[in-house]
Every structure is written in structure tokens, then in C-alpha cells.
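Structure record follows, encoded as C-alpha cells.
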Amino acid sequence: MGTLYIVGVPAGRADELTLRAQRTLEEVALLVTEEGTPAPDLPVGCGLAAPSVPVTDTEAILAALETGDVALLLDERRAGPSVPASGLIRAALEGGFPVVPVPGPSLPVTALILSGLPADSFICLGSLPAQPDERQALLAAVAGERRTLLILASPAHLPDTLACLYGALGDRPLAVVVVSGEGTEMVWRGRLGQAAGQVAARPDWLGCALVIGGARQPTGRWEKARLRAEVRARLEQGLSAREAGRQLSALSGWPRREIYRLAMEVTGNMDNLDDVTAQREPDREGMLNHVAALPHQCRQAWALTRDLKLPPHHQRANKVLIAGMGGSAIGGDLAAAVVADSAPLPILVHRDYGLPAWADEHTLVIGSSYSGDTEETLSAFEAAHERGCPLLAVTTGGRLARLAGEWGVPLLSFHYRSMPRAAVGYLFVSLLGILQALGAVGDLEADLQEGLSLLESWGAELAPDSPVARNRARQLAQALYGRVPVVVGAEVLAPVARRWKCQFNENGKGWAYFEVLPEMDHNALSGLHFPAGAADRLCVLFLTGQGLQPRNRLRLDLTRQILEEQGIACHAVPVPGRSKLAQALAGVQLGDYVSCYLAALYGADPTPIAEIATLKRRMSEGR
Ligand code: PA5
């Protein structure tokens, strides 16, 4: 009857194999390796004569033990035998075979020694789970642990692992210990908060151990707003209030009882969302009615431009510049994106004073201002007049309408009483009508009809009286509550993402940002880590729709995946619509509803924009 030896073997320097281990390996009849772990390089002069089998081949190994000795190689980068290796050891013991350890080098033990952190008692987590949810749950469970933590990491994933540890555990002492052909050494020592940007893996690193200081006592308590947002996020993921309490207690420094109570409160708030009155109550000036009026606005704007005939000077334009700000500029972005694939001339939106130098007498300048009194737009319009550009104005009145009258330039005037951003149907669709009259695009009638019927059918599901269970806008408002929205879009959904951001600012009265793909993947994707805790407050929405370029669709998925791996709350938001125009309209409608519901959750009236009004007044006084 043979013996099962468990032999500790080095991963880096072959000469770290002990003499006893070397002798054992030379004498056994069979070598057993962990899955994916090759037999070690032995010092010059020694050879491994015995054949090797993977640890999962239990039957062959037990058969070999009947007649001779077997050595199971335990790679120094492991915290202990893997699950299959432990199974083999158990099977050998149950079969009555002696099991004899032959210790060797150990990365975890060397790392603990080199770290200088308390090592008399520690917790070894082994390798972190690859699944973000499981990883977060494991780290949440040990976040309050006061003993030193030891984690084995793959060098290739080191920056991600460090960022994730920092997010979950906060700023703590850290030692990074690696094994390479040169042996085992500590390559970095400092704090978790600095490590993500400073520790870069080298190709010759074979394994890595992270030794992290235990939690301080007492752990700092999170602010209540942060706790509420985290509780909400977990409930949305389907966790029970009890489980949310268990996960968050150590992390947040709040007792489970308190977290449970908060979870109940949050659930109560969510239920309130189903109360129609609760949706409408803060909306004292009727912003929701304007959102519902989007199809009506689009029809009116289309009718306004149906018989539009542009003078010959306009027809000769080879560039289009749309001058506008805020709610009167976004229609330009949307129109430019809708016709981007077909328009034979550049269409640019100008949000500034004056005009760029390239704007010449062949540039159609469209002044777009709901009020007609926006100073930047007027400045661009006046500069265009001086330069002899063909001009056109889209407005409800104001100085812009007066200038158009004075200069005899075409004026598309509409009458709709609302805040400028609430008249988006006019300010968007009228530009499409102008581009069509200019011959810059083909007939958009069919696409518009598709968009209008979508607005009506989907709009019914998004309206305030449609319950949360089938109301995507309300569901998204819930997901965003307590978080900073970041809206990501590509192609025609890029200006839609911008519209959402602006509506979250103006209607929702909150901070919000937007990102455009593919550009975001070349910068914003790196900015996930600092300042500490910032990413925990984000909710990133990825707008998706039919007809996106396949590479952009892939990017969208992969980008979301990377953010989710960092524990950032993300949601894919499919926007219906076959044509770009229908998609743009549906995207605007959805975002507008979400912004109003978010305002309702915060108890804010979506209509007034006090700070913008104050600034406009002060700017006019400062002349
Ligand atoms: O939404 C708003 O009210 C603002 O963004 C305005 O659109 C912006 O200030 C420009 O004003 P106007 O649309 O009247 O040109």
C-alpha cells in the first residue's frame, strides 16, 4: 500500500524545492498536479521520472496508491489544496492510505512575513470569485473584520482587483508580494487608496499575494444618504431586507436593525410610486402634460414646415449651422444625428456667442430659441447677418422674431406655452422639416409616422397612471433615486443621452452627466476609481437600440460589463424604434418621463429652474 505525499513546490525559483521534497518527487511512482498546473522545474540534475496525471483522475490515482507512492504537487501560489485536491486527500484517507505532507515554499506565508502587518491571526480569502456579485458579497462579509486579510490575485487582473478591494474595504495598509523567477519579494507597500494607480503588473510575475490591514475599530459610519442608496440598490437586485442588512452592516458601520428599518422605509417609498397622485402632486406647473404632448408638438411642427419654400440663397447652402442653447439646441443635435447617414452637407450645432470662422455666405444659419431672447443665440444670428449667411429663425417670438422680420428672413414661428425644453417636439421636428425643404434629406414622412405611433403606444405605458410593474420610466426613476445618473449613448442615441442629462438637471434638479460611445471608452472608462466612494453614488444607463453599428453594440455591452465588474450600478435601457427618427423620439419621451418621476421622488416641481433664471437676470443686469 502506497503513501500519498502532499509536496509543496515552488512556482518561481526551482532551487527553493526542499531536499526532502526533491527526494520524494524522485521516488514516487506517480505525480498528481492541480488542474492547469504543470509539474515544476526541478534544480539541474534532478528529473521527474514518474508520469503525471491531473488531480481529477481520482480512480487512476487510487489505483496507483495500491501499488506505490504518489505525490500531489501543491503549488506555492495556493492557499491550500484546491477543492478537487481536498477530495483526493479525503478519498485517500477513507481508503486507508497514509497521507504525508512534505512542506515547501508558500507565497501566502512569505507574503504575511514580508508585509509586516499583524500575522499571528489572519484571514486568507484565497482567490476572489470572478462573479462581481459573489465577490462583492464576500468582501462585504469581511469588511468589518479586524484581522489581516490575505488575498491571492492574478497579476494580469491586479489593477481591477485593487480598485475593487479599495471600493469594498476603503483605504487600508497594503503589501503587494509577488513570486517570479527571481523568487518571492514585496514589490509595493502603501495604502489601498494609492495602489490602483501605482501598481502595474510585470510580465514576469507568476503569482501575487495582497496583504491588507484589518478594519479599524470603530469603522467610520456612512452618511445616511449613502446607506439609503446602497440599501435601495440591493433591494433592486432582489435581495431581501434582511440580507441587505447582513451585507451592509459591517461595511457601513450601521447596525443591522437600523438597515432593516431603512429597507422597509425604502420599500414603502417604492410602493408610493404606484400612487398616481404622488407622481403628479409635486408637478404643480404640469410638466408631465407637456411630456404627454410630444406627439402633438411633432405633428404641429411637421405641418408648419410642410409647405416651406426656401429662397435660392438658402438652397445653395453647403453647410448648416444651428445656433441655440439648452432646450433650444438639443433639437439641432437630434436632427443632425437623425440625418447623419444621408445628409450630403455638414450640420453643426453652435452653442456660443459669435460664429466660427468657417461660417460663410454658403452656410445656412438657423437661429433656434424658444424665447427668442437668448443672448448667445442672438449674438450668433447677428454675426451671421453681418457675414451675409442665409438665415432662418425658429422661435415663439422675442428679439429673434423681430430681427427675422426686420431682415426679411424666413421665420418659423410657433405658439406653445411651456418652458423651452418642454417644446422639444417643435424645436426638433421643425428642423427636420427645414432640412427636408433644403433637399438635405429624403422624405422623412414614413419615419415620422413610425415615431408618432410609437410615442402614442409606448407613451401609454410610460404615463403617470401606468403602474410601476410595466412602466419602464418609473422603474428607471427608482433605480436612479439617490444616485448620480450617467447616461451613455452612441450614434443617434448620443444626443438622446445628452437630452436625458439635461432633463435630469432641469426637471430632476440633480447632478447628471452623459457620455458618448465610442469616445467614452478612450477616457471615461479609466476614471472609475477616485475620489473614494464616488462610483458608489453613480447609476449608469446604457441606451441601446436597433440599428446601432455592431462594433458600437459590442462596445456598449463590454463597457457595461467592465463597470459592473467594478461594482458600479448599471442598467441597459433599450429604446424602441426601427428608424433613427422613431428611436430619437422614443428616447426623448422615455427620458422626459424618467426625469419627471425622479423629480417626484425627490418631491421637486420639475418646471421651475430658479438658478438658470437668476443667472439670466444677473447676466442682463451686468451689461
Ligand atoms: O431648458 C431651458 O429652459 C433652457 O435650457 C433654455 O432652453 C436655454 O436657456 C435657452 O433659452 P431659449 O430656449 O429660450 O433660447
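First listed ligand is number 1; within each ligand, the first listed atom is number 1. On a predicted model such as this, the values are computed, not experimentally measured, just so you know.
Proximity to Ser369 (heavy-atom distance under 4.0 Å) selects the following atoms of ligand 1: 12 (P), 14 (O), 15 (O). The ligand atoms of ligand 1 that sit less than 4.0 angstrom from a heavy atom of Gly326 are 5 (O), 7 (O). Of all atoms in ligand 1, listed by their number and element, those nearer than 4.0 Å to a heavy atom of Ile609 are 3 (O).
In this pair, Trp407 and Phe381 present their aromatic rings parallel. The plane angle is below 30°, not in the 30 to 60° band. A perpendicular orientation is assigned to the rings of Trp500 and Phe504, their planes being inclined by more than 60° (bins at 30° and 60°). Ring geometry, Phe414 versus Tyr426: the interplanar angle falls under 30°, so the pair is classed parallel (tilted spans 30 to 60°).
The closest non-hydrogen atom to atom 9 (O) of ligand 1, taken over Met419, Lys616, Met325, comes from Lys616. Closest to atom 7 (O) of ligand 1 by heavy atom, among Ser371, Gly367, Gly327, Ala422, is Gly327.
In this structure, atom 11 (O) of ligand 1 lies nearest to the protein heavy atom Thr374 OG1, 3.0 Å. With respect to atom 1 (O) of ligand 1, the closest heavy atom belonging to the protein is Glu506 OE1, 2.7 Å. Of the protein's non-hydrogen atoms, the one nearest atom 13 (O) of ligand 1 is Ser328 OG, 2.5 Å.
The number of heavy atoms from other shown groups lying within 6.0 Å of CZ (Arg617) is above 12. Glu564 CD: more than 12 foreign heavy atoms inside a 6.0 Å radius.
Just one residue in the list Arg387, Arg316, Lys319 forms a salt bridge (charged side-chain N to carboxylate O under 4.0 Å, His left out) with Asp360, and that residue is Lys319.
Close N/O approach between Thr377 and ligand 1 is not found [any backbone or side-chain N/O within under 3.5 Å]. Here's the thing with Ser368: none of its N/O atoms is less than 3.5 angstrom from an N/O atom of ligand 1.
In terms of modelled atom types and a separation under 3.5 Å, the side chain of Ser328 and the main chain of Gly324 share no donor-acceptor contact.
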